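Computed over heavy atoms, backbone and side chain alike; hydrogens, waters and symmetry mates excluded. Keep in mind the model is a prediction, meaning the values are calculated, not measured.
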Amino acid sequence: MEQIIWVWNYMKGKRTVFMGGLFLTVVTAGMRVINPMLGLKIIDEVIIAGNKEPLIPILIIMMIVQLTRLGFNYLQIILMEIASTDVMTRLRRDMYQTVQWQDFKFLGRFPTGNLMTRMTQDLDRLRHTVAWVSYQFIGAIALFAATFIFYLYLNWKLALCLVAVTPFILFISRRFVKRIRPRFQLLRQKLTDLGTAVTENIDGNRVVRAFAREEYEKDKIEKHNANFRDISCENALIAAKYQPFLETASQFLMVIMLVVGGMFLIKGIMTPGEYMAFSSLTWALSMPMWMLGPLLADLERYTSAGEMIREVVESEKGISDISGAVELVKRPHGKIEFRDIKLSINGLTILEDINFTAEAGSTIGLLGSTGSGKTSLINLLARFYEPDYGAVLLDGEDIRRYTLSSLRRNIGLAMQDVFLFSDSANGNISYGRPDLDDETIKKRATQADADNFISAMNDGYNTLVGERGVGISGGQRQRIALARALAVEPAVLVLDDTTSAVDSETEAYIQHQLENLDFPCTKIIIAQRISSFRKADLILVMDKGRIIERGTHETLLAQRGYYHKIWSLQNNAGIEAMK
């Protein structure tokens with residue numbers, strides 16, 4: 001019932017269409033008893049009575065009833081398809097928006113393959129339930145009820161004999177549902193595992209090939225595929241075990257009809273026309289009983305799929321705009337302050353006691369070993385995470401006072417894990433500003449030292465770089481990502497190991513361009529090579545989530561601490577600095 005109410009809420013605007021479809025389902029089911037009723041009159045009042053006069057009018061009425069029923073049935077199918085497609089569209093939109101606005105913690109819970117399965121196959125099962133299972137279920141009940149009422153009107157004794165097997169069928173159905181429900185939930189989990197494995201294999205295709213692990217990955221997919229196959233077969237066997245009982249019970253109606261109905265006919269309790277009407281509608285009682293098993297199985301599939309969809313749609317919203325958040329209408333100056341910041345993820349402390357200020361237009365360098373918290377720090381700046389306590393300030397105001405969209409529009413990110421869309425180089429660079437003209441795009445590409453290799457491509461800036469930048473080198477992807485960040489002309493520019501895949505000459509060129517940008521911005525540079533931020537106004541050295549050293553390049557060298565050791569290693573100053 002809860003699932004039905006949930007879907008009903010998503011039918012807003014199409015509820016009348018859906019109810020109209022169900023109404024026509026009931027009408028067409030009820031109309032099925034009209035022609036047997038008219039057939040009764042043909043036998044009793046025309047054939048047996050030898051009166052030909054009413055034959056033609058009755059046949060015309062029967063033809064009109066049949067054509068009308070077929071027309072209603074066609075209209076009903078169209079209405080149910082409209083309603084189901086609308087529900088699926090609304091749910092897919094809400095699921096996508098939920099994923100778009102969730103934080104990194106949410107994405108950690110739901111792998112890509114998992115979400116894709118929910119947004120495709122689970123939604124299709126839901127559409128199938130609304131469009132087909134619902135009207136089949138309601139139609140079966142309406143047909144059974146209409147036939148039973150008609151039977152009671154003709155001969156209540158025979159009607160009760162025919163429905164005597166109903167309690168047995170309901171008992172079998174209840175046992176079937178109880179057995180199959182957890183099996184469908186398990187099947188759904190196996191399908192999710194399979195989808196996740198396939199998605200990871202496709203995304204990591206380069207790594208698979210680089211390490212010659214094709215056979216291993218093939219075996220892994222085959223294992224997930226076999227698990228899904230085995231559970232599917234086991235579910236089919238369970239259904240096959242119960243289905244014969246349902247079919248036998250439904251077919252037993254014919255035996256009752258022949259024995260009891262024949263006896264009533266011989267004794268004159270029934271007329272030949274009434275017997276024919278009973279016989280012609282026996283299927284109308286048996287078919288709903290026979291269909292009960294498959295329909296219940298489909299409903300259980302829907303229940304399992306619905307739970308998966310609801311888990312995403314109704315998941316607790318991640319980081320969002322606070323009440324009263326305002327738009328950053330004017331371009332901020334770019335002064336940044338981290339004040340008493342502590343960040344924990346899944347109970348593990350990532351950052352602690354983070355305090356520093358970056359003046360507007362200054363350059364901040366971040367250095368530290370892997371896992372020291374550098375990337376987490378800039379994730380706080382873009383509000384991908386929220387601190388446990390403390391605040392991040394932009395121009396003296398807590399960044400939580402601004403709407404997420406306006407805040408992030410003023411922060412240019414060139415992340416360590418470069419992602420390029422299946423679009424042209426032009427489209428990728430102008431992604432943050434689709435209205436950017438070709439001249440500006442070329443200028444930003446030049447500043448990122450990407451113009452030369454882009455221009456050398458077959459179609460220049462219109463060349464498709466492929467999904468995730470397949471077809472170009474790592475350094476080229478990094479430079480396109482840098483051009484994309486520069487294209488929005490942000491107030492704060494964040495470079496997370498953006499030049500790690502480029503040579504020293506290219507890095508020096510990019511540094512020179514960044515020092516002479518034609519728009520003011522505060523720059524935060526994360527890098528492993530000290531040469532990337534040697535001229536920074538402030539360098540922060542991090543270790544285990546804390547800032548252990550801070551100062552300019554000269555100041556940190558004079559302290560002869562961790563920074564000095566790294567500088568000595570990178571400049572071949574000998575191993576004495578490590579002692």
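- Residues that satisfy the salt bridge (charged side-chain N to carboxylate O under 4.0 Å, His left out) test with D451, not counting sequence neighbours, are K442.
- Between A146 and A29, the closest heavy-atom pair is CB-O, 4.4 Å.
- A 6.0 Å sphere centred on CE of M31 holds more than 12 heavy atoms belonging to other residues, nucleotides or ligands.
- I309 is listed as a side-chain neighbour of M95, based on a closest heavy-atom distance under 4.5 Å.
- Counting heavy atoms of neighbouring residues, nucleotides and ligands inside a 6.0 Å radius, atom CZ of R15 exceeds 12 of them.
- Although no hydrogens or angles enter the test, the distance criterion places no donor-acceptor pair under 3.5 Å between the side chain of T147 and the main chain of F144.
- Side-chain contact between L91 and M88: absent, with no pair of heavy atoms (C-beta onward) separated by less than 4.5 Å.
- A salt bridge links R90 with D86: at least one charged nitrogen is closer than 4.0 Å to a carboxylate oxygen.
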Assess whether side chain to side chain contact (heavy atoms under 4.5 Å, CB included) is satisfied between I429 and Y461, documenting all intermediate values. CA-CA 10 Å; I429 294 174; Y461 280 81; 4.2 Å; yes

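- Heavy-atom minimum distance, G545 versus I354: O-CD1, 3.4 Å.
- Side-chain contact between V27 and R69: absent, with no pair of heavy atoms (C-beta onward) separated by less than 4.5 Å.
- Between the OG atom in S532 and the CG atom in L366 there is a gap of 12.0 Å [rounded to 0.5 Å].
- The closest donor-acceptor contact from the side chain of R433 to the backbone of A487 lies under 3.5 Å.
- The shortest heavy-atom contact between R183 and I238 is CG-CD1, 3.9 Å.
- Put simply, the side chain of D193 does not reach to within 4.5 Å of the side chain of N227, judged on heavy atoms.
- Checking L348, L377, L351 one by one against L343, the side-chain contact (heavy atoms from CB on, under 4.5 Å) holds for a single residue, L351.
- A donor-acceptor contact shorter than 3.5 Å is absent between the side chain of K374 and the backbone of M542.
- Residues T463 and I454 fail the side-chain proximity criterion, which asks for heavy atoms closer than 4.5 Å.
- Under a 4.0 Å N-O distance rule, the pair K342/D388 does not qualify as a salt bridge.
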Which atom pairs, donor and acceptor, lie under 3.5 Å between side-chain atoms of residues 125-133 and protein residues at least two apart or in another chain?
residue	atom	partner	partner atom	Å
R125	NH1	D122	OD1	3.3
R127	NH1	E81	OE1	3.1
T129	OG1	R125	O	2.9

Carefully, step by step, assess D230 and K190 under the rule side chain to side chain contact (heavy atoms under 4.5 Å, CB included). CA-CA 10 Å; D230 294 342; K190 296 300 180 183; over 6 Å; no

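- The two residues R484 and N428 make their nearest non-hydrogen contact at CD-O, 3.0 Å.
- Between atom CZ of residue R229 and atom CG of residue N225 there is a gap of 7.5 Å, rounded to the nearest 0.5 Å.
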For side chain to side chain contact (heavy atoms under 4.5 Å, CB included), just list the numbers for I524 and I378, CA-CA rounded to whole Å, side-chain angles, deciding distance to a tenth of an Å, and then say yes or no. CA-CA 8 Å; I524 300 179; I378 63 172; 4.1 Å; yes

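- Minimum heavy-atom separation, P244 to A240: CD-O, 2.6 Å.
- Between I411 and P490, the shortest heavy-atom contact is C-CB, 3.8 Å.
- For F72, the CZ atom counts as loosely surrounded, since its 6.0 Å shell holds 12 or fewer non-hydrogen atoms of other residues, nucleotides or ligands.
- Looking only at distances, no side-chain donor or acceptor of T85 sits under 3.5 Å from a matching main-chain atom of I82.
- In this model, a donor atom of one side chain and an acceptor atom of the other lie less than 3.5 Å apart for T375 and D496.
- In this structure, the separation between CG on L404 and CZ on R409 is 11.0 Å, given to the nearest 0.5 Å.
- How far CG of L79 is from OG1 of T16: 10.5 Å, rounded to the nearest 0.5 Å.
- With 3.5 Å as the limit, one finds no donor-acceptor pair spanning the side chains of S372 and S369.
- Under a 3.5 Å cut-off, the side chain of R479 and the backbone N or O of D449 do form a donor-acceptor pair.
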Evaluate side chain to side chain contact (heavy atoms under 4.5 Å, CB included) for R383 paired with R408, printing each intermediate quantity in order. CA-CA 8 Å; R383 289 194 67 196; R408 291 170 181 171; 4.1 Å; yes

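- Between atom CG of residue L420 and atom CD of residue Q476 there is a gap of 10.5 Å, rounded to the nearest 0.5 Å.
- Checked against the 6.0 Å centroid threshold, F137 and Y135 do not count as a close aromatic pair.
- Separation of atoms CD (E311) and OG1 (T98) is listed at 12.5 Å; rounding is to 0.5 Å.
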